[in-house]
Amino acid sequence: MKRRKFIQRTSLSSLAVVTGASALACKENETNKASEGTIPITPHSIPLVVATWNVKDATQKAWEVLQKEGTALDAVEQGCGIEEANAEGQSVGLGGLPDRDGNVTLDACIMNKEGHYGAVVYLQHIKHAISVARKVMEETPHVILAGKGAEQFAVSQGFQKENLLTEASKKAWEAWKIKSEYQPIINIENHDTIGMLAIDKNGDLSGGCTTSGLAYKMAGRVGDSPIIGSGLFIDNEVGGATATGLGEEVLKTVGSFLIVELMRQGKSPQEACEEAIGRIVKKNPHFKEFQVGYVAVNKNGDIGFYSIHEGFSVSKIQDGTFENIPSDYFNKS
Ligand code: GLY
């Protein structure tokens, strides 16, 4: 079977499965005929935006971009940028909790419909890490820039340096230093890495992922978020996936790539997210001590999401309506 036909068939089979977002409306008038003429495909409504956690403003921003004929790439960049500029969010951009030395260090990546990718790791003093990642993708021959080099590149591209350690995050760090106990907390303040996936009106996908990483991490630590296939993966023929939670566990299982490949093989986004979480809990007997959550979307606009523990949720706009939907989860004990 030709690859294209195979993908069309697997996409169709996924429609039979109720996703985690269940009850997604189908648009009758968007029913397509496969271009080779044999298989009808009924996409759920597009465009759409999905993101990890309850990030209404960010999701709405991305949706607005799509409504103004922006691309999925523009949508995820500008949507993630809202959280990066929000000083109250302590896990992304400005106001992110620092490492144990008091430095706010950011990781981010972005991936477009052509499969191009750009990332920054250990970026300091520049809040819009996702936009720097996009510049890496579009303006350099490389895919990842780290640390000082990433900062210098950002400045050369016109980004302003600023102090990202807010008073609130400084106070939290100073309180942490009293005991200096390092224990990743499940659902840190119920708001962790922002991963965002969008499909634009042309049916093209892009994704972005941005974070300040684990609070009070060791200096130099990089998580899953900027690493292709772990924190984010997009294949415009199949779908996309993104992750939140303890990056070390996502990295060890290359979770987002795994989810996209499972969708390619015919699993629904929901089934694929559940299997990716299953791989983590099977391999790590300490899964009760950390959280990981995934959200995925396939080319038809079917959405799935799943986490290890209760507390994860996703933001979604399809048909113009914002929803924050609690995720199903593995650990029911
Ligand atoms: N998922 C974000 C991190 O572990 O850095």
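Here the structure is a predicted model, which is why all the values come from computation and not from measurement. Residue numbers start at 1 and run along the sequence shown.
Within 6.0 Å of atom CD in E162, more than 12 heavy atoms from other residues, nucleotides or ligands are found, so the atom counts as buried in its surroundings. Remark: K56 NZ is loosely packed, at most 12 non-hydrogen atoms of other residues, nucleotides or ligands lying under 6.0 Å away. Around NZ of K217, the count of heavy atoms belonging to other residues, nucleotides or ligands within 6.0 Å exceeds 12. More than 12 heavy atoms of other residues, nucleotides or ligands sit less than 6.0 Å from atom CD of E174.
For the pair W53/V314, no side-chain contact is recorded, criterion being any heavy-atom separation below 4.5 Å from C-beta on. You'll find the side chain of F305 reaches within 4.5 Å of the side chain of I303, heavy atoms only. The side-chain heavy atoms of Y117 and C109, taken from C-beta on, include a pair separated by under 4.5 Å.
The line from CD1 of I308 to CD of E289 is 11.0 Å long, rounded to the nearest 0.5 Å. Atom OG of S206 sits about 8.5 Å away from atom CZ of R134, to the nearest 0.5 Å. The CZ atom of F287 sits 11.5 Å away from atom CD1 of I280, with the distance rounded to the nearest 0.5 Å. Taking CG of N284 as the reference point, atom NZ of K252 lies at 5.5 Å (rounded to 0.5 Å). Within the model, atoms OG1 of T59 and NZ of K61 stand 13.0 Å from one another, a figure rounded to the nearest 0.5 Å. The structure places CD1 of I234 at 5.5 Å from CG of L205, a figure rounded to the nearest 0.5 Å.
In this model, no donor atom of one side chain and acceptor atom of the other lie less than 3.5 Å apart for Q291 and H309. There is a side-chain donor-acceptor pair under 3.5 Å between K316 and Q318. S313 and N54 share no donor-acceptor pair across their side chains, judged by distance under 3.5 Å alone. Residues T105 and D99 bring no donor and acceptor atom of their side chains to less than 3.5 Å of each other. Under the 3.5 Å distance criterion, with hydrogens and angles disregarded, a donor-acceptor pair is assigned to the side chains of N331 and S333.
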* Asked: Does the salt bridge (Lys or Arg N to Asp or Glu O under 4.0 Å) test come out yes or no for E237 and K299, once each step is laid out?
  -> CA-CA 7 Å; E237 290 187 337; K299 195 72 180 156; over 6 Å; no

* To do: Begin from the C-alpha positions of K201 and L66 and carry the test side chain to side chain contact (heavy atoms under 4.5 Å, CB included) through to its verdict.
  => CA-CA 7 Å; K201 72 173 177 35; L66 294 177; over 6 Å; no

* Determine, stepwise, if the pair F257 / L262 fulfils side chain to side chain contact (heavy atoms under 4.5 Å, CB included). => CA-CA 9 Å; F257 181 72; L262 290 168; over 6 Å; no

* Take D192 and T244 through the test side chain to side chain donor-acceptor pair (under 3.5 Å) and record every step on the way to the result. => CA-CA 6 Å; D192 186 53; T244 183; 2.7 Å; yes

* Mind running side chain to side chain contact (heavy atoms under 4.5 Å, CB included) on T242 and T193 for me, showing each step along the way? => CA-CA 10 Å; T242 188; T193 300; over 6 Å; no

* To do: For the pair K171 and E167, evaluate salt bridge (Lys or Arg N to Asp or Glu O under 4.0 Å) and give the outcome as yes or no after the intermediate values.
  => CA-CA 6 Å; K171 266 194 192 150; E167 272 312 305; 5.8 Å; no

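Under the side-chain hydrogen bond (donor to acceptor under 3.5 Å, both in side chains) criterion, K332 pairs with D328, sequence neighbours left out.
A donor-acceptor pair is defined here as one N or O able to donate and one able to accept, closer than 3.5 Å; no such pair exists between the side chain of T210 and the backbone of I194. In this structure a side-chain-to-backbone donor-acceptor pair under 3.5 Å is missing from Q124 to G147.
A side-chain contact (heavy atoms from CB on, under 4.5 Å) with L73 is found for one member of Q78, M111, E114, E138 and no other, namely E138.
Relative to the ring axis of W173, K177 places its NZ or CZ within 45° and under 6.0 Å from the centre.
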In a table with atom names and distances, give each donor-acceptor pair under 3.5 Å that connects a side chain of residues 219-230 to protein atoms at least two apart or in another chain.
unit_1 : atom_1 : unit_2 : atom_2 : d
R221   : NE     : E248   : OE2    : 2.9
R221   : NH2    : E248   : OE1    : 2.7
R221   : NH2    : E248   : OE2    : 3.3

